[in-house]
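Because the structure is predicted, anything quoted here is derived from the model rather than measured. Sequence lines set the chain letters: A, B, ... in the order given, protein chains first and strands last, and positions in each chain run from 1.
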Amino acid sequence: MIPIITIQGATASGKSRLAIELAEWLNTEIISVDSRQVYRYMDIGTAKPSKEEQNLIKHHLIDIINPNERYNAGLFIKEAHLVIEDIHKQGKIPILCGGTGLYIKSLKEGIFSIPDIPESIRIKLNTELLEKDLESLYHRLQNIDPRSAERIKPQDKQRILRALEVWEATGQRMSEHWEMQHKENQFQSFDLIIECDRSVLYERINSRLDIMVNQGLLEEIKSLFNMGYTKESFGLNTVGYKEFIPFLENQETYENCMGLAKQHSRNYAKRQITWYRNCNFNVALNQSLINISEVKSLLKIWLEEVMRYEYF
RNA sequence: GGCGGGAUAGCUCAGUCGGUAGAGCAGAGGCCUGAAAAGCCUUGUGUCCCCAGUUCAAGUCUGGGUCCUGCCA
């Protein structure tokens, strides 16, 4: 099994800095696990590592699609596998760093594999939703795939549509895909999480938004519009971007938009924290007390184990 | 100054025919298998601005007061 190191944690908890420091020490490369840093031209609001940092350490899966394109967990794991193997072949241990929990989970445990859903099926389901209502789609799901329906709430449009499109595209129920999927760890991972007191994290989030605006976040959003992207572009559906659009359109005050941007970032961090509560980590670091030499010595122990496993 | 509109949960507001009140957002907690910075669930006792009156009963009707706010001057 290929060894990897993951660095996870809520937004603004200081993952990138730690990742760069460890990457320098291990002479390795970083793979971004972030559903928004994949977008080109969205640098400030997604808190991408700076050009200098990227020159220092090679970062992967950053700036790979345009803001009108969609990304998802399936694409991520496909591309991440390629990069991981490539780095592994160079004798290095890749560091995966980012806050998109689902991507890491999917990468480590796998997801059921199906071909791309034809756009026609999505259109058909959405038309059906407009003509009828969510309730009737949910009833249909209950008939087709009762086991999936049981796990999905009748109000959860996104997941109801997903389960139906899987059925329509593959002719197999989502619950069957789950069953066929063999769930086993694909990598030998050292998982590290950065934790942060809630009040401290919220302050960091708030002040980071102020800093982003000082760095030119609003100009960055304007330039996206100048390039022809609109508020409907998938990339613009990002916390720290979408909230400022009403201000740029003179529909809202700056203060209100900023308030919402901060609020939504805090809400997002809260959801991340809840998610991580169900994940296992080798090390949990407190953001304010990170002792880098302690981290390194723990990693050293793990590395020795990995090497033994690899060579004997 | 004249004529309106308003005052109800931290915020924005509903509240039908008078029967002591409820949504969204926030906050708190939780869920999560291809949109995940997404989507979803649980959680709502507050001098219904104040005073007086009518009434068995007033957020709701009447009178007065206070404070916001729009238009016209």
Figure out the [atom1]/[atom2] separation between [X] and [N], and round it to whole Å.
| X | N | atom1 | atom2 | answer |
| --- | --- | --- | --- | --- |
| A:Gln172 | B:U33 | CD | C1' | 16 Å |
| A:Arg162 | B:C40 | CZ | P | 17 Å |
| A:His264 | B:A38 | NE2 | C1' | 13 Å |
| A:Tyr71 | B:A37 | OH | C1' | 15 Å |
| A:Met212 | B:A37 | CE | C1' | 11 Å |
| A:Leu102 | B:G34 | CG | P | 7 Å |

Side-chain donor or acceptor of [X] under 3.5 Å from a matching atom on the base of [N]?
| X | N | value |
| --- | --- | --- |
| A:Arg159 | B:A38 | yes |
| A:Gln158 | B:A38 | yes |
| A:Glu109 | B:U33 | no |

- Query: Between A:Arg40 and A:Asp63, is the closest basic N to carboxylate O distance under 4.0 Å?
  - Reply: no
For [N], does either OP1 or OP2 sit under 4.0 Å from a side-chain N or O belonging to [X]?
| X | N | answer |
| --- | --- | --- |
| A:Tyr103 | B:A36 | yes |
| A:Thr100 | B:A37 | yes |
| A:Asn267 | B:A26 | yes |
| A:Lys153 | B:G39 | no |
| A:Arg173 | B:U33 | no |
| A:Thr11 | B:A37 | no |
| A:Arg266 | B:A26 | no |
| A:Arg271 | B:G39 | no |
| A:Lys270 | B:G30 | yes |
| A:Asn237 | B:A37 | no |

Going by atom types alone, do [X] and [Y] pair a side-chain donor with an acceptor below 3.5 Å?
| X | Y | value |
| --- | --- | --- |
| A:Thr100 | A:Asp34 | no |
| A:Ser199 | A:Asp197 | no |
| A:His139 | A:Gln142 | yes |
| A:Gln172 | A:Thr170 | no |

- Transitively linked via ILVMFWY side-chain contacts under 4.5 Å: A:Leu82 with A:Ile4? no
Using a heavy-atom cut-off of under 4.0 Å over every strand shown, decide if [X] touches base, sugar-phosphate, or nothing.
| X | answer |
| --- | --- |
| A:Ser265 | nothing |
| A:Gly99 | sugar-phosphate |
| A:Ile114 | base |

- What nucleotide, of B:A36, B:A28, B:A26, holds the atom closest to the side chain of A:Arg198? B:A28
